There are 2 protein chains.
Amino acid sequence: MKNKPDQNACPATATMALIGGRWKTIILYILSDHTRRFGEIAARMPTISRKVLTEQLKELEADGLISRTQYKEIPPRVDYAMTELGNSLTPILNDIADWGKEKVLGQTL
Amino acid sequence: MKNKPDQNACPATATMALIGGRWKTIILYILSDHTRRFGEIAARMPTISRKVLTEQLKELEADGLISRTQYKEIPPRVDYAMTELGNSLTPILNDIADWGKEKVLGQTL
DNA sequence: TTTTACTGTTACATTTACGTAACCAGTTAC
DNA sequence: GTAACTGGTTACGTAAATGTAACAGTAAAA
């Protein structure tokens with residue numbers, strides 16, 4: 001893992017080191033129900049630059065939350081998918097989305 | 001609310017606008033089981049500067065997640081507590097902490 | 001009279017995050 | 001032979017986040 005925690009760290013901090021930041025939760029949420037190509041992720045996140053998206057994907061992969069599969073095709077095709085570790089976050093990601101729907105966007109579930 | 005969402009925003013993004021960032025989840029986690037004074041929060045977060053802690057607390061208050069109570073005493077005493085809205089996040093905060101304990105820190109629950 | 005306690009604020013500097021624009025590779029379609 | 005497709009990378013500049021250090025204010029204690 002890229003973000004190595006120290007053992008007496010706050011457990012909430014430990015999690016947020018992996019999924020915090022402006023983009024990672026969104027990326028994981030997008031991947032939580034689908035394997036997706038780079039371009040598909042980018043299309044669902046119109047406000048992130050390709051450069052930063054690449055960086056975030058690399059970090060998520062380094063942290064073991066997603067996997068990257070590159071096919072030997074031209075034009076290139078790259079798939080991103082949740083790993084087992086990433087999938088263990090899915091309930092939390094759904095709760096986060098549900099909370100946002102209900103409490104922030106004011107949509108009834 | 002300070003962070004006004006637009007209606008067709010990603011619900012995960014909507015939540016992360018309120019609790020994202022390096023510090024807010026930690027602050028909320030610290031307050032989730034206790035009303036605490038400014039100094040108590042600071043003592044539990046040794047690496048945040050007082051200036052930034054003040055800013056984050058103000059934003060959390062502006063977003064309706066915590067409340068601030070200032071007592072007319074010298075030396076000053078200020079309490080921070082979860083609001084009802086903040087408390088509705090508690091299950092998520094606990095899940096985040098549990099996930100960090102188990103998956104990142106490697107502690108068995 | 002000086003210090004301590006507590007919760008800040010302010011000015012300033014620095015670090016980190018993010019964006020923009022240009023460029024690359026290799027095959028296919030025009 | 002040139003453009004388009006896809007998933008990037010690189011150089012560069014800007015914006016946001018955070019830190020540091022000093023200061024404020026008032027009562028009680030030393």
Side-chain angles (χ1 to χ4, degrees), chain A residues 2-5 9-10 12-13 16-28 30-31 34-63 65-81, chain B residues 2-5 9-10 12-13 16-28 30-31 34-63 65-81:
Chain A
K2 180 209 158 200
N3 298 297
K4 52 245 151 158
C10 165
T13 307
M16 296 315 285
L18 300 190
I19 69 169
R22 195 133 88 208
W23 306 114
K24 286 182 181 173
T25 310
I26 322 299
I27 296 172
L28 292 170
I30 288 173
L31 290 179
H34 262 296
T35 292
R36 294 203 189 275
R37 302 180 59 168
F38 181 86
E40 294 179 306
I41 303 171
R44 281 167 176 74
M45 302 179 68
T47 61
I48 194 176
S49 66
R50 272 182 313 168
K51 179 202 153 207
V52 173
L53 179 54
T54 304
E55 287 170 3
Q56 302 290 306
L57 288 169
K58 274 185 188 166
E59 290 184 16
L60 288 169
E61 191 195 0
D63 286 333
L65 295 170
I66 66 174
S67 63
R68 197 187 99 110
T69 309
Q70 184 169 8
Y71 298 91
K72 294 173 183 56
E73 300 177 1
I74 295 293
R77 179 158 68 99
V78 179
D79 274 353
Y80 291 92
Chain B
K2 180 210 160 201
N3 299 298
K4 53 247 148 157
C10 165
T13 307
M16 295 315 283
L18 300 190
I19 70 169
R22 196 133 88 207
W23 306 114
K24 285 182 181 173
T25 310
I26 322 300
I27 297 172
L28 291 170
I30 288 173
L31 290 178
H34 263 295
T35 292
R36 294 205 188 274
R37 304 181 57 169
F38 181 86
E40 292 178 307
I41 303 171
R44 282 168 176 73
M45 303 178 68
T47 62
I48 194 178
S49 67
R50 274 181 311 168
K51 179 201 154 209
V52 174
L53 179 54
T54 304
E55 288 170 3
Q56 303 289 308
L57 289 168
K58 273 186 187 165
E59 290 185 16
L60 289 169
E61 192 194 0
D63 286 333
L65 295 171
I66 65 173
S67 63
R68 197 186 99 110
T69 308
Q70 184 168 9
Y71 298 92
K72 295 175 182 56
E73 300 177 1
I74 297 294
R77 178 158 68 100
V78 179
D79 275 352
Y80 292 92

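Atoms considered below: every heavy atom in the structure, side chains included; atoms not considered: hydrogens, waters and symmetry mates. Lettering follows sequence order; numbering is per chain, from 1. Please read all numbers here as calculations on a predicted model, not as lab measurements.
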Nearest-Å distance, CD (Glu55(A)) to C1' (dG7(D))?
15 Å
Any Gln56(B) side-chain nitrogen or oxygen under 4.0 Å from OP1 or OP2 of dT18(D):
yes
Taking every non-hydrogen atom, the tightest pair across Ala12(A) and Ile26(B):
C-CD1, 3.8 Å
Could you say whether Gly21(B) or Arg77(A) is positioned toward the 5' end of DNA chain D, judged by the nucleotide with the nearest heavy atom to each?
Arg77(A)
Only pairs at least two apart or in different chains count here, so list each salt bridge (Lys or Arg N to Asp or Glu O under 4.0 Å) that has a residue in residues 65-76 of chain A.
Glu73(A)-Arg77(A)
Name the atoms and distances for all side-chain donor-acceptor pairs under 3.5 Å in residues 37-52 of chain B, with sequence neighbours left out.
from, atom 1, to, atom 2, distance (Å)
Arg37(B), NH2, Pro76(B), O, 3.4
Glu40(B), OE1, Arg37(B), N, 2.7
Arg44(B), NH1, Glu40(B), O, 3.3
Ser49(B), OG, Val52(B), N, 3.3

Between Leu57(B) (CG) and dT18(D) (C1'), how many Å, whole number?
15 Å
Nucleotide dT18(D), atom P - distance to CH2 of Trp23(B) in whole Å
7 Å
Going 5' to 3' on DNA chain C, which nucleotide is the first and which the last to come under 4.0 Å of a heavy atom in chain B?
dA5(C) to dA11(C)
Interatomic spacing from CD1 in Ile66(A) to CG in Leu60(A) - rounded to 0.5 Å
4.5 Å
To the nearest 0.5 Å, atom CG of Leu28(A) lies from atom CH2 of Trp23(A) at 14.0 Å
What is the distance from atom NZ of Lys58(B) to atom CD of Glu61(B), rounded to the nearest 0.5 Å?
9.5 Å
Between the NZ atom in Lys24(A) and the CG atom in Leu57(A), the distance rounded to the nearest 0.5 Å is 10.0 Å
Assign a letter to each nucleotide of nucleotides 23-29 of chain D from its 5' end: B, base within under 4.0 Å of a protein heavy atom; S, sugar-phosphate only; -, no contact.
--BBS--
Who are the side chain to side chain contact (heavy atoms under 4.5 Å, CB included) partners of Thr25(B), not counting sequence neighbours?
Met16(A), Ile19(B), Leu93(B), Ile96(B)
Check: Leu65(A) and Leu31(A) side chains under 4.5 Å, non-hydrogen atoms
no
Across the strands shown, which category fits Lys72(B) at heavy-atom distances under 4.0 angstrom: base, sugar-phosphate, nothing?
nothing
Please report, rounded to the nearest Å, how far the P atom of dG7(D) is from the CZ atom of Arg68(A).
10 Å
If each of Arg22(A) and Gln70(B) is mapped to the nucleotide of DNA chain C with the nearest heavy atom, which maps nearer the 5' terminus, i.e. the 5' end?
Gln70(B)
Select base, sugar-phosphate, or nothing to describe what Tyr80(B) touches, counting heavy atoms under 4.0 Å on all strands.
sugar-phosphate
Specify the separation, in whole Å, of atom NZ of Lys58(A) and atom P of dG8(D).
8 Å
Under a 4.0 Å heavy-atom cut-off, which of residues 38-48 of chain A touch DNA chain D?
Phe38(A), Gly39(A)
